[in-house]
Each structure stands twice: as C-alpha cells, then as structure tokens.
Protein chains: 2
Amino acid sequence: MVPELSSSSPASRDQRASATHHCDACVVRNRAICAALEPEDRHALGREGRIQTVPRGRTLVWEGEDAMLVANVIEGVLKLSTSTSDGREQIVGVVYPSDFIGRPFGERSQHSVTALVDSRVCLLPRAAFDRFAHEHPELEHRLLNRALDELDRARRWMLLLGRKSATERVASFLLELSHRLAESGCAGDVALDSFELPLDRQQIADVLGLTIETVSRQMSSLRAAGVIELPGRRSLHILDRARLTALAGD
Amino acid sequence: MVPELSSSSPASRDQRASATHHCDACVVRNRAICAALEPEDRHALGREGRIQTVPRGRTLVWEGEDAMLVANVIEGVLKLSTSTSDGREQIVGVVYPSDFIGRPFGERSQHSVTALVDSRVCLLPRAAFDRFAHEHPELEHRLLNRALDELDRARRWMLLLGRKSATERVASFLLELSHRLAESGCAGDVALDSFELPLDRQQIADVLGLTIETVSRQMSSLRAAGVIELPGRRSLHILDRARLTALAGD
DNA sequence: CGACTAATTGAGTCGCTTCAATAAGCGTGG
DNA sequence: CCACGCTTATTGAAGCGACTCAATTAGTCG
C-alpha cells in the first residue's frame, strides 16, 4: 500500500517485488518449473538470476566444464550436445521455451548447451538454485517430473537411434518438432503443419545420427512423394501428416 | 520393550517394526532411495510393499501398460526395453541392485521391465509411493538425483547409438558393464576384470543397436586381439583394459 | 552322452556414408 | 531491384560397414 517507499523492511520489499518484478511479466512463468512457487517465492528465486539473450550459435555451457549455471528457457531453441574425442557430434536434446537447462546438485555438465536460434534464458547460479530448491519441495517435485519426462523422451530417442531407418528417423524428427513447437508456442494446437526449422541440415543429421547428405536425400524423397513441402531451406510444410506418421514407423 | 505385544497402538507398532521389519535386513537399504529416510519412515514405506522374486525372462511391467507399480532392485539385473510396431527391440536401460524402477507421478509406462537374470525387487503400488513421496521431500530429492543421473547416462548412450562404430559400441558396453557390476556389487572396486554377462548376445545387440552376428564378430575379434577372454558363453575376462578403453573411442 | 539352444563363422547384399560436383538460398552492395 | 559471391543444400557415383541368410560349431542341460 506504500509503493513509493524504498526502504528494505520486509513489508515494503514484498510490495516492491510484486509491483515491479520481472517474473510477473515472464511469458513462461506458468509453464516453467517456477510455476510450482507462490509469487513471493518466485520473486525470491528470480532475484538470484538474470535474463540473458543468447544469439544463435552462442554456447552457454561447455561439455565437461563445471556446471555453475542453470536456466529456464524463455524464448528460442537450444541444443544439448556431446562429442567423441575425434569430433563426431551427437545432439542429445533440444530445449524449448519453459524447459529447464542444467544439472542441479551435480558438478560437471555432461553436454554443451548452444542456441540454435536467437534465444532468451533466465540464468541462475547453480549454488543459489540448489539451496533454493532444497528449501522448496514443490520446486523439486516439478523438477523431478520434468526430469522423468525428459528421461522418457531420451529413451524413445534411443529406439530411433538404435533401430530405425533413415526414412523413419527423418519422419519421426519432423513430427516431434511439429509437436514440440506447437506446445511450446502457447497456442492450443497439438501440432503445427507449417513452421521454420530451428536446425540446419547438419544439426538435423546430428540429432538423428545420420549424415547431412542422407538427411537431404530423405527430405527430397519426402518432397517428391508429396508428403512435405520445402518452401525455403529453413521452412517446412507438412502436406500429409498421416503418411508422415506411417513412415515414422512406431 | 514389549516385543510380544501385538496391539496396534503407535508405540508398540513402532517397536515391532524396528524389531522385525524386513527393511532392516535389506542389503540395499543404504544405497537405494530409501536411504534418504529415517528408519521409522522407511518402515512405513516398506509396509506398503513386498519383496518379490522375478525369475530370468519374467516381465514385471509391459510397455504402454498402466504403470501401477514402482520398485527397488534388491538383487539381479533387469532390462528396460521398447519396440517398434514391427518388432524391432531396443534396450533403453539396464538396472542393478539399489536402482529404482518405475515412473512415479505418471500414468503409463513407456517401456517394459524384464529380468535378465533371476532377481529380487521390493515392489510398491505406485499410488502409495506417490503419496508417500509427496510427504517426504528427502525421498523426492534422492529420486531427482537418480533421475538426473539416469538422464546423463541415457544421453551418453545416445552418442554411442548415433555415432559409434560396432567395435566402439561393444568395447564401451563391456567397460560400462564392468563398472556398473562393480559398483552395484557392494565391493569397493571401481571395475571388475572378470564377470558373468547378465545379457545374452541378442540382448547385447539390443542394447547396442546392432545384430547378434555383428556383436559376435566384434567379440571374436577382441578375443583374437588379446583384449578379452571368453571362457564360456556368458563369462568374460578383460585382459587389456587400457586397449579396450582406447577402442571405446570417447 | 546326446539333443537342443546359443553362438560363431562365412558369403553376398543393401543402406548409409564418403567424396566430389552442382545447384539453390540468401545477404550484401552496386 | 537485381547481380554477385558466399554459404548451405542437393544430387551423383563409388565404397564400405553392418545386415541378412545360411551353415557350422560350441555350450549346456537333461
């Protein structure tokens, strides 16, 4: 009730926070793990972090490095990737708005995190996040559910990498992308028929465990079969979702 | 102090529990997620479940089925697997004593769980476990850490499935097995040089995304190179761990 | 010991990769 | 707005690694 007051007494601090805190304007506050928190707690956590823009190609965390940061994705798309010593790369995850990045309670990051398109993340020091999480079981609960979902997703991807043909891989990838873009895009659609690819051909190959040429050939053959359209090198239109689903083979 | 009393008053129940509860004799109680709990809470959770033997080949949970159960592995080795509609199988995880099985807070199981060797698990109804976990943040915290570790492991496996050659896959597999058997085996060793394979050749192929013939050829060639010995169908001796590590290629 | 199953080995094929050349996007500057 | 040059993607041809199919051998258990 005294918004102009700038003292740091508890009452006025709460007041200020709820009046001006960036979390209140955050577009993912209801979907990110923060949604588990009451506004006052969310503000307390938010005060530990800061919003950062990450241009396409910029790497936020390096594989094997000490994992000092965690983050929430606000906008954009980022990849999680690992490599062999001789440079072969595998993308092991793709994260979208409201997804969580990082390894709380752990020392080292097992994979790099790199922006695939210009992105914005809400960055938090890991130590502060760990402390906060320990004091807020609701937050850990939500994080657990997310980790379990990610684990299921990773395991489905293992079936693709271990057992599917090139055609099945590309079809599966396009369908998954269509679904994840739809659900991260706030809109109510379960899937998009027309969208921009956040990954270039090499990155798609790195997700699917294929080469760039094989991905290209598969895309061309899907186009020739009338299943998809490729209006530009980064755009995609799904013409026949049923057939694409059948080709995904699971 | 009145152990023969069989009334259900709180005091006597606690007494009975701490005197006779199977959890107190559980060989994995200090390593499983239960270790997060005080003895009295552990007993309360233990009372919800029961110990069950699972003979080799028996499937505990089926892919796509309602996930009504969770469990802790007490003894043995089990596989988590998924299949395509036309029957191609991929093993997406292998669990050892003290590991947790199941999908808390979820409806459907995304993969089957099948014993690779005769095993014993501590089985709990999922609903009871979920309720209990919600009331015990320490338990959820430990579960979260396990899920995050599993996620890292799954992602490292994605690099293998997407980018490694048959030789590298087999070498990586034997090394991982050697490490996991050692750490689940209570002994202080970080790795075993001689052990029984809980998987047959087809199952190894299903873990590695290869065929049985390719696995067999790779094993033979490792034997010919003096890297390993194969005293029986199901036993392995690592002769040259350094070379095997180099061949694993990461 | 004998029968059955699991594993190994061999020969040939196929699908994906590799290497190389061409074409298409796309941003830039005239 | 179009031409230019660079990057990214596509297409082609040849090679190779893993797969398939088939035959043989080695374990394992009654």
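Naming convention: chains lettered A, B, ... in sequence-line order (proteins, then strands); numbering from 1 in each chain.
When rounded to the nearest whole Å, the span between CG of A:Leu210 and P of C:dT18 equals 11 Å. In this structure, the CE atom of B:Met219 is 16 Å from the P atom of C:dA6, given to the nearest Å. Residue B:Arg223 contributes atom CZ, which lies 10 Å from atom P of D:dA26 at whole-angstrom precision. Note: CD (B:Gln218) to C1' (D:dA18) measures 9 Å, nearest angstrom. If you measure from atom CG of B:Leu197 to atom P of C:dT8, you get 10 Å, rounded to the nearest angstrom. Atom C1' of nucleotide C:dA20 and atom CD1 of A:Ile212 are separated by 14 Å, given to the nearest angstrom. The nearest whole Å value for the distance from the CG atom in A:Leu222 to the P atom in D:dT11 is 12 Å. Summarising the geometry, the separation between CG on A:Asp206 and C1' on C:dC16 is reported as 16 Å, rounded to the nearest angstrom.
Among the nucleotides D:dT10, C:dA7, D:dA9, the one closest to any side-chain atom of B:Arg233 is C:dA7.
For a distance-only test at 3.5 Å, the side chain of A:Arg217 qualifies as a donor-acceptor partner of the base of D:dG12. Scanning atom types as modelled, one donor and one acceptor separated by under 3.5 angstrom connect the side chain of A:Glu213 and the base of C:dC19.
Among the protein residues, A:Ser220 comes within range of the sugar-phosphate backbone only, with heavy atoms under 4.0 Å from sugar or phosphate atoms but none that close to a base. B:Arg169 comes within 4.0 angstrom of nothing in the nucleic acid, heavy atoms only.
Distances shorter than 4.0 Å separate some side-chain N or O of B:Ser216 from OP1 or OP2 on C:dT8. For C:dT8, the OP1/OP2 oxygens have a side-chain nitrogen or oxygen of B:Arg201 closer than 4.0 Å.
Heavy-atom distances to DNA chain D give each of A:Arg234 and B:Ala166 a nearest nucleotide, and the one nearer the 5′ end belongs to A:Arg234. Each of A:Thr211 and B:Ser221 lies near DNA chain C, and the nucleotide nearest B:Ser221 is the one positioned closer to the 5' end.
With hydrogens and angles ignored, the 3.5 Å screen pairs no side-chain donor or acceptor of B:Thr114 with any backbone N or O of B:Gly57.
By the 30° and 60° cut-offs, the orientation of the rings of B:Trp157 relative to B:Phe173 is perpendicular.
With hydrogens and angles left out, the side-chain atoms of A:Ser83 and B:Arg163 include no donor and acceptor closer than 3.5 Å. Counting only N and O atoms by type, the side chains of B:Glu63 and B:Thr82 include no donor and acceptor under 3.5 Å apart.
Residues B:Arg233 and B:Asp200 are not paired through a salt bridge, judged by the lack of any N-O separation under 4.0 Å between the basic side chain and the carboxylate.
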